[in-house]
Amino acid sequence: MPDHAISPTRAEDYPEWYQQVVKAADLAEQSPVRGCMVIKPNGYAVWERMQAILDRMFKDTGHQNAYFPLFIPLSYLEKEAQHVEGFAKECAVVTHHRLELSPEGKLVPTGKLEEPLIVRPTSETIIGAMFARWIQSWRDLPLLINQWANVVRWEMRPRLFLRTTEFLWQEGHTAHATREEAVEETLRMLDVYATFAERDLAMPVIRGPKPAAERFPGAVDTFSIEAMMQDGKALQAGTSHFLGQNFARAQEMKFASQSGTEEYCWTTSWGVSTRLIGAVIMTHADDDGLVLPPRIAPTQVVLLPIHRTPEEKESVLACCRSLEAELAAARFGGEPIRARTDTREIRGGDKTWQYIKQGVPLRVEIGPRDLAAGSVSLTRRDRPPKERTSLPIARFAAEAPRLLEEIQQGLFDRARAFRDRRSVRLASLDAVREFFSSGDASQDGVTAGGGFAHVHVADDPAVAAALDPLKITVRCIPMEGPDEPGRCVVTGQEVARPSVLAKSY
RNA sequence: CGGGGCGUAGCUCAGCCUGGUUAGAGCGCCUGGUUUGGGACCAGGAAGUCGAAGGUUCGAAUCCUUUCGCCCCGACCA
């Protein structure tokens with residue numbers, strides 16, 4: 001056996017490594033439908049963890065869930081000009097509503113629709129149309145709605161989790177009486193995403209507004225959280241849009257103000273998708289497979305019984321059961337610890353490697369020797385596969401929360417250190433050019449892809465044109481910290497703060 | 001959508017150039033046995049319309065045409 005479970009390694013072939021990790025952890029696979037994936041139980045369980053945490057955060061910030069139709073009348077999409085332009089090229093269109101059996105035995109579409117329906121690429125238009133009905137008075141505001149749904153964007157180049165034709169997400173849509181409130185909401189949800197990414201996914205992110213070229217079609221401002229993957233590329237992990245009154249005007253979303261005047265609402269929308277699963281993989285997984293941060297790990301502790309004789313089996317399993325119960329009573333992240341015993345009759349080594357590849361944070365082996373010594377053997381997914389420690393059985397359940405916290409924090413620290421090592425501040429276009437074209441970016445043994453360059457650039461087409469040959473884009477303008485004025489390295493314009501430049505997914 | 005690569009057993013692939021009995025290997029799977037603190041060993045077994053369609057031929061996994069899908073690069077992109 002090679003000394004790592006995934007082949008090729010990250011350093012050998014990063015994109016292929018990614019796919020092998022997905023396969024080895026049994027998260028998802030290609031479906032018969034072009035560009036669409038099947039999310040398998042292991043992958044879906046991770047999504048359910050993400051949903052559970054985010055849903056609570058949305059509720060805690062006053063939002064309610066609802067559900068809107070999959071189909072959107074073509075005319076709705078047409079209402080907002082920029083929105084049309086942004087999505088027209090990637091829409092699935094439903095034109096018929098019936099199938100007929102032809103004489104040749106083929107099914108042919110018939111029953112042409114008067115107005116084609118598009119499969120939602122996002123729901124601003126149809127939700128806006130409903131909001132317009134629901135909102136009459138300032139007393140109806142703010143209206144804070146979220147929906148968990150699937151959307152379809154006809155992508156040319158799909159990649160499991162990162163970009164698929166159909167994907168799962170949540171989209172929040174809110175309407176407010178004032179610009180200030182809507183901007184505040186936009187930033188609040190951006191913070192919710194950043195908190196979730198850093199606390200639960202152990203994934204450090206940079207938050208900030210996007211340049212005009214990267215904005216959501218129809219938005220006044222788009223904010224994103226950007227994370228660095230292990231190949232140095234940026235991944236947009238979540239977005240929050242301030243839509244101004246653009247959609248409200250397009251959809252006649254009006255309300256009577258306190259002073260009796262008729263006003264357009266101010267709206268926002270924000271979303272994260274199953275792409276986050278890809279983000280977690282590319283942030284934490286290693287050459288042995290997936291590494292799951294404990295907070296989103298469907299199984300946090302796996303108990304592996306080791307036994308030969310029926311007597312041993314009985315006592316070992318009894319120990320597992322009581323340990324499971326103790327762990328369920330212990331708390332991590334405000335919830336019972338999720339532990340399970342794997343009683344399958346297969347070889348121990350195979351089992352162990354399955355859990356390594358699936359990224360389970362803690363593996364606990366319990367055999368006759370452990371029982372005799374009153375201890376358990378412990379291995380951690382954030383440590384080498386063979387690094388084993390021993391812990392008294394009686395103390396394990398009490399220690400588990402601390403161990404999980406240590407892993408969670410350790411993953412975050414490691415990811416942040418990686419990002420910081422590959423982040424630079426640059427003061428000229430030449431320096432940018434050199435940074436992104438130098439071949440020695442693989443200092444961590446990972447594919448050369450550059451990293452993040454913090455550079456002063458103006459929000460100007462000339463900048464995009466200058467960066468285009470380097471295959472990099474302005475990801476966002478980081479919001480943390482005080483202003484640091486400087487001159488744009490392309491146009492010479494004075495700008496308030498540096499932007500993050502990177503190759504991106 | 002452009003360039004390149006690839007579709008043969010559940011997985012990874014050999015065979016194709018130079019067409020010729022019943023299409024192979026490793027891993028996995030099933031059965032029996034030996035094992036068991038770390039991805040075991042021995043024996044036996046099941047498993048493939050060779051991506052699909054059409055053509056050439058006495059004969060096609062192999063040659064030709066078309067088509068579908070996947071991967072990489074590019075273009076495009078919430």
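A note on names: the letters A, B, ... follow the listed sequences, proteins ahead of strands, and every chain is numbered from 1.
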*Please state whether the phosphate of B/rC77, meaning OP1 or OP2, lies under 4.0 angstrom from any side-chain nitrogen or oxygen of A/Lys89.*
yes

*Using ring pair (Phe, Tyr, Trp, His ring centres under 6.0 Å) as the criterion, point out the one residue from A/Phe58, A/Phe223, A/Phe242 that pairs with A/Trp270.*
A/Phe58

*Cation-pi, A/Tyr18 ring and A/Arg159 (6.0 angstrom, 45 degrees)*: yes

*Using atom CD1 of A/Ile346 as one end and atom P of B/rG28 as the other, report the distance to the nearest whole Å.*
12 Å

*Could you give the CH2-to-P distance, from A/Trp353 to B/rG37, as a whole number of Å?*
16 Å

*When all nucleic acid strands are considered with a 4.0 Å heavy-atom cut-off, which category describes A/Pro368: base, sugar-phosphate, or nothing?*
base

*Please confirm whether A/His83 and A/Phe216 have ring centers closer than 6.0 angstrom.*
yes

*Rounded to the nearest 0.5 Å, what's the gap from CG on A/Asn42 to CD on A/Gln354? Could you check?*
9.5 Å

*Pairwise C1' distance, B/rU12 and B/rG7 [rounded to whole Å]*: 13 Å

*Tell whether A/Arg163 reaches the base of B/rC77 with its side chain through a donor-acceptor pair below 3.5 angstrom.*
yes

*Check: B/rG39 base within 3.5 Å donor-acceptor of A/Thr352 side chain*: no

*Touch check for A/His83, heavy atoms < 4.0 angstrom, all strands: base, sugar-phosphate only, or nothing?*
nothing

*Check every strand shown and say whether A/Ser273 touches a base, only sugar-phosphate, or nothing at a heavy-atom separation below 4.0 Å.*
nothing

*Heavy atoms under 4.0 Å, any strand shown: does A/Lys357 hit a base, just sugar-phosphate, or nothing?*
base

Mind listing the N/O atom pairs, protein and nucleotides 68-71 of chain B, below 3.5 Å?
residue : atom : partner : partner atom : Å
B/rC70  : OP1  : A/Gly35 : N            : 3.4
B/rC70  : OP2  : A/Arg34 : NH1          : 2.9
B/rC71  : O3'  : A/Gln19 : NE2          : 3.2

List, with names and distances, any nitrogen or oxygen atoms from the protein found under 3.5 Å away from nitrogen or oxygen atoms belonging to nucleotides 6-10 of chain B.
none

_Rounded to whole Å, please give me the gap between CZ in A/Arg347 and C1' in B/rU36._
5 Å

